[in-house]
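Okay, so here's the structure we're looking at.
Small disclaimer: the values here were computed from a predicted structure and weren't measured.
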Amino acid sequence: MVRSRRRMECRSSRRSKKAADWATGHWPRQCQVPLAGTPAPQPPPPPSALAGSPRAARLRLSSAVQFESWKQTTVDGDDFPEEEEEKGRKAIPGIHVPRQRYIAVSKPALLDALLSLFPSQPPAAAADFNRFARCLDALLHAEHKQMLEEMRTYYMLTHHQPDDAQDQPLLNASPSDTENGFLGITKHNGTLLLTRSLGLRTLLGLSPDPDSHNRVAFATHFQRSFMNLLRNAQFEELSAQDLLLTYALNSDYLLTLPIYVDWKKAAQSNAIIFRRGYATERQKGLLLVEKLDYLQSKLLQNIFFGLSRPLRKLGKWLDEALKRSTGNEGIQVWIEKLKVWLKEQTYAENSLLLIDTSSWDKLRSDQLPDADLPIWIAAQRAVSRYEGILSPVGPRGRLLRRLLTWTGLIPSLPEATIKSDIDTKDLEGYVRPNFLPRITLANIWEPASRESCDNNLWEITKASFRILFGKSTLQEPAFQELILLYTDEADHSKERENSDMMPLQLKIFERIPIPDLPVVFPHKKLSFRILDTVRLDIATVIGLLAYVVNYKFESLASSPSAILLDIVAFTALAILVFRVALGYKQTRDRYQLLVNKTLYEKTLASGFGSVYFLLDASEQQQYKEALLAYAMLLCRKKYQVSSRVSIRDACEQFMYEKFKAKIEMPIDKAMETLLRLGLVIELPTDGVSRVIALPCSDAYEILKSRWDSLLEHKPEQGLMAKEQGGSPKARQPEFQRMRVTLTIGVIGLCVASYILGAWQGTSTTSIQPSIMYTKTQCGNPILGASTNSSGTRLDFQAHHQVSFNESSLVVEKIPPCQLKYSEYTPCQDPRRARKFPKTMMQYRERHCPRKEELFRCLIPAPPKYRNPFKWPLSRDYAWYNNIPHRELSIEKAVQNWIQVEGKRFRFPGGGTMFPHGADAYIDDINALIPLTDGNIRTALDTGCGVASWGAYLIKRDIITMSFAPRDSHEAQVQFALERGVPAMIGVMATQRIPYPARAFDMAHCSRCLIPWNKLDGIYLIEVDRVLRPGGYWILSGPPIHWKRHFKGWERTEEDLKQEQDEIEDLAKRLCWKKVVEKDDLAIWQKPVNHIECVNSRKVYETPQICKSIDVDSAWYKKMETCISPLPDVNSDDEVAGGALEKWPKRAFTVPPRISRGSVSGLTTEKFQEDNKLWAERVDYYKKLIPPLTKGRYRNVMDMNAGMGGFAAALMKYPLWVMNVVPSGSAHDTLGIIYERGFIGTYQDWCEAFSTYPRTYDLIHADKVFSFYQERCDVTYILLEMDRILRPEGTVIFRDTVEALVKIQSITDGMSWKSQIMDHESGPFNPEKILMAVKTYWTGEPTQKQ
């Protein structure tokens, strides 16, 4: 947002308040509409005012909104205007806007809701309706496809071949077309250019060529098609009501960024804007700059009105002097001119009369009569309306007027407002106006006001600091979609003027805040905010005063060195002037950058792409209108519908009940579509039309016959039959012959390509196991095999025959790093860690390299690297050459961590506290708490070693997030991942572990050497944060069972007893319950809610419950020594945050964070749609990567996991997914992923991931690079992916074509094999898929270190 980022609620006079009365929902008492959640201030109207039913009231309400000029009022001179506006500001919760005619619900969601109406009917009814809906969708799509072809024909270029190579025709034509002067369009440097015969003025009927009657007819056809698209998509011309909203909401004159539109140029360019729908635009964050600006503006405002107080006497004296001089004609003339000037600063009264709502009806006829209004005339009238309402008074004018009004020099002026003469409190909810809440900086600072704090200075100070340094949300009402149509005549070059080419600009924007409407206009210019102007001017004046006061002129005779001092002084003055000028320029550049960024982010389409957008919008709207009306007719007994009015009411009620959407159902358009298709019958009965719907089966047959007729009759035959109507194709025999020839040629090429592709597909057979064993040179073929494919397709099988081919690279060649970096972990580099303090293990935390320290090379694999064993064999074996470290096999030999057997490692499953194996250890735990009933799914292992505990929990359907630092136990996390077990490099030090609150059902520490009883229990408090309500914490090792082990632990009995007592006491203060202590195991359980824990704070002083509710934040977030609060509950046995289903039902049950609305913007419907979407996508992936389902991939990473749909679709295969949620994402979904029974972590992909090289087999990147392309260099993200990806691993990129092309150009320099594939929905989807395979290569063993 341009203005709403600096939004404030300024204190204004009574007239300013009235100007915003309707726009903000603060209605006059005699016509007040109740706000959301507030009672109406007036008694209900008499029954006659709402006779009959809410329908009748709704009919009057739709026409009751009208414009009204308030009587002239003056501000009482004894009242201070700030107090009055303060009251008005408190009464502004948002704005009321009329219901919209377009249906914003998606097609699948609407269809699912309508199908729910058929459960009581025969089973085939829902299936028949679903089949009918799909056929209706296909038919409307075909009709709009035909409309697109017609519009493209009218836009077709038959202009002469341009001399400039940059001017290329969009469509070719024969020479005869040029001779006939046929209309055309060219593309010059990416700009859409219309020729003279199809310029906007010819297109819109401004200056038609008398000798080109056909060209005018074609332009009329295009105009009608374009306007029909707008009408069908429910776009409306920007009305005076919308402009008044913009004016009323844009009264924050101190912080408003003035955007002035050159209305003369706007009129010359025929600018016109169409709107559809309303929305809200939000901005969340610290907003420190905005809050400080608000405080400065309040200070400046008080200064302004403080200065006006002494001027009041002067104003009264001048007013009395003017009254005494009434006999002076000259003064009277001057006074009259001043009044006229002040009147011109108000709204242009005539602009309110320019509203024209009949243009849609005029375009419904098949031909446009000469008397009909062309679009260019509507554009001229629209610009007049825009100028009349938006331009008279800018921020500086408002400030000056307020000062003059307050001093009494001028009276307050009448303002325009809007009123309704109907009270809506007795209407049904679905017919009331929509309410859009508005949160401004004034609302944010409201808790720190004098009234809220009862004039308590200490409370005001505390509240101010809490607001200033806390996260806040700004919310502004916005236009959902805007369409801007204009011609950029000022951009003409001389060559274009000679050829009479006019650039046609068509742009579509989304979510433009209502006060920021002027930002979309062409020919706009920026001015300085009043606040910035004052700050810059004050700095300039103070600098100049300091210079003048301190500078002293001295005589050269008395001081020969004075000339040198003068030079220094004048140099300082020049520097001051330069810095002042630079400050102004930087401020203006910042304004321009903000505007450009806003327009770039909010542009949906431009140029001819806007036509595609409108076609899609029209198609969807027609489909949803017709389907909704038809469904209501089928359920006429339930909804008692028969007439159009009753159908409309039923549709509106249904949309409100199902989606809480308040719409004004365009029933006439819906019935027009249904009648045109023959799906309903309308019969007049007793003066009222009765509508009857055909059964679904009959309607389906009608649609099917229409579909067949569309296939039999080509659209162009209808155009060729209209030769006398100005058809372009009937006059082009050469074009027709050329088109037939091209069609036959294209069909021939398609057939030949199909045959060739089929032959190639049959020749490339699947790889036989015998070939895999004979071609591999990796040793034992039974334990691990790889293969080499000679085909040109992507080969996802493991093989080692692809060499590091440097000659094939045509882009930047990225060299390999030195072999000594084969186990390089950028953010956990031991050499960098030595620079940080060792207190609380800070040096083991993430410390990422600076930008200049980043490696721009490929991390090599060690010599003789081999692909890991397949699961489950990998749980017990790993290749020695992959991780050449014997240290653990020697250091932990007694504990059976790891053993060396020839060229491979074997993992017996032992651990520090379970030397006889993790399986037996887990059975001991299972005897104390149930592990196999599905209640425990996610586990956390702190200080995991080689993750044997997590490895053996997998067969019990428990997935464990294991972490350990990179310390003296070399490569323990690398061993875990090589085994195919989830693990990360991590440590409990000063920062929160990167997981959300309430994530794990169980946490485990087996002699993890974490000082749980030290530092005020901060580490156990962190475990409490990530543990689910009712979750278990298992502790084995010191100090548990200390009486038996104290000698082996080399610690005294007193020391161990004290440690256990302190842990017991801390667990009790955390409200944990000790379940059992048996042998070497002790288990505690976290309470299901905090009802008793809150009450116990009266007994336990520490730790207290945290006041902050931001418990999920865990990316570079410091640990706290307070208990993370649990969500509120209503009873003692209710599970805080919601109970979870047992596994595996948990994976597809709606997570409590979604069902309870904890994550803004995510609903149950979106969750279910996401599951369906990823099921389809994974099915498509299986066709592209056949080994995906055969155990080829074990360790999988999703770099942008969303709600975990990708992991859920893969859960039946022998793999696990590390779900990564990028920090700074719009939705924090990691808690949802854990509630589904999956694991993941937070990560900023501008930094390295906390893992060793070569630890993942498959990486999935969905729109990751679109998200990060403006944040950091994507080359380093790809290098990080190369680091963590195993040789011959696979990467799936999903993104736009532009992003994928850039990615492919970089990966070509990384020795990856890649290929861009179509989207699963087909080749016409702008999103594509890039499949890439990392080639096999290793470092040279003779490489110098």
Side-chain angles (χ1 to χ4, degrees), residues 151 154-155 185-196 198-207 219 222-223 225-227 229-230 233 235-239 242-243 246 259-276 351 354 356 359 373-391 479 481-493 496-497 500-510 512 516-526 595-596 598-600 602-614:
M151 295 184 71
Y154 301 137
Y155 259 72
I185 180 171
T186 60
K187 193 173 183 181
H188 177 79
N189 292 332
T191 302
L192 204 62
L193 299 176
L194 293 177
T195 62
R196 179 175 55 85
L198 192 59
L200 183 66
R201 295 185 179 275
T202 303
L203 171 67
L204 307 181
L206 180 60
S207 56
F222 179 82
Q223 173 180 330
S225 299
F226 182 78
M227 297 301 291
L229 284 180
L230 289 173
F235 276 91
E236 305 173 6
E237 186 182 344
L238 205 63
S239 64
D242 299 319
L243 300 174
T246 301
I259 299 180
Y260 297 100
V261 181
D262 191 333
W263 297 110
K264 182 178 180 181
K265 291 184 178 179
Q268 293 174 353
S269 61
N270 300 302
I272 187 170
I273 297 179
F274 301 91
R275 170 195 60 80
R276 183 174 79 166
S351 66
L354 297 178
D356 184 5
S359 58
L373 180 68
I375 303 178
W376 74 271
I377 296 181
Q380 295 294 321
R381 297 175 63 178
V383 172
S384 299
R385 184 165 62 251
Y386 304 155
E387 181 181 7
I389 297 180
L390 298 181
S391 70
F479 295 114
E481 290 160 350
L482 290 177
I483 294 182
L484 171 65
L485 176 65
Y486 69 102
T487 54
D488 194 2
E489 296 185 358
D491 192 38
H492 285 183
S493 63
R496 295 183 190 176
E497 290 175 357
D500 199 16
M501 289 187 178
M502 300 175 61
L504 176 63
Q505 302 291 342
L506 186 63
K507 298 181 179 180
I508 301 181
F509 306 95
E510 66 170 345
I512 297 295
D516 296 341
L517 175 63
V519 78
V520 305
F521 280 95
H523 314 300
K524 55 182 173 291
K525 55 184 178 179
L526 304 177
V595 171
N596 293 342
T598 300
L599 292 180
Y600 176 78
K602 297 182 179 297
T603 300
L604 282 177
S606 60
F608 201 78
S610 304
V611 178
Y612 287 95
F613 175 87
L614 282 176

Worked verdict on Y486 versus N270 for side chain to side chain contact (heavy atoms under 4.5 Å, CB included): CA-CA 5 Å; Y486 69 102; N270 300 302; 5.9 Å; no
Side chain to side chain contact (heavy atoms under 4.5 Å, CB included) between L517 and L238, worked out: CA-CA 10 Å; L517 175 63; L238 205 63; 3.5 Å; yes
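If you run side-chain contact (heavy atoms from CB on, under 4.5 Å) between K602 and each of L482, I512, I508, only I512 comes through.
Of all non-hydrogen atoms in I273 and L484, the two that sit nearest each other are CG1-CD1, 3.8 Å. The heavy-atom pair separating S269 from P522 by the smallest distance is OG-CG, 4.4 Å. Annotation for A266 and H523: closest pair N-CD2, 3.9 Å, computed over non-hydrogen atoms.
Contact annotation: the side chain of L506 approaches that of F226 to within less than 4.5 Å [non-hydrogen atoms, C-beta and beyond].
E510 contributes atom CD, which lies 9.0 Å from atom OG1 of T603 (distance to the nearest 0.5 angstrom). The distance from the CG atom of L614 to the CE atom of M227 is 10.5 Å, given to the nearest 0.5 Å.
Taking the side chain to side chain donor-acceptor pair (under 3.5 Å) definition, one finds that R276 meets it with E481, sequence neighbours left out. Every residue two or more places apart in sequence or in another chain was checked for a ring-ring contact (aromatic ring centres under 6.0 Å, His included) with F613, and none qualifies.
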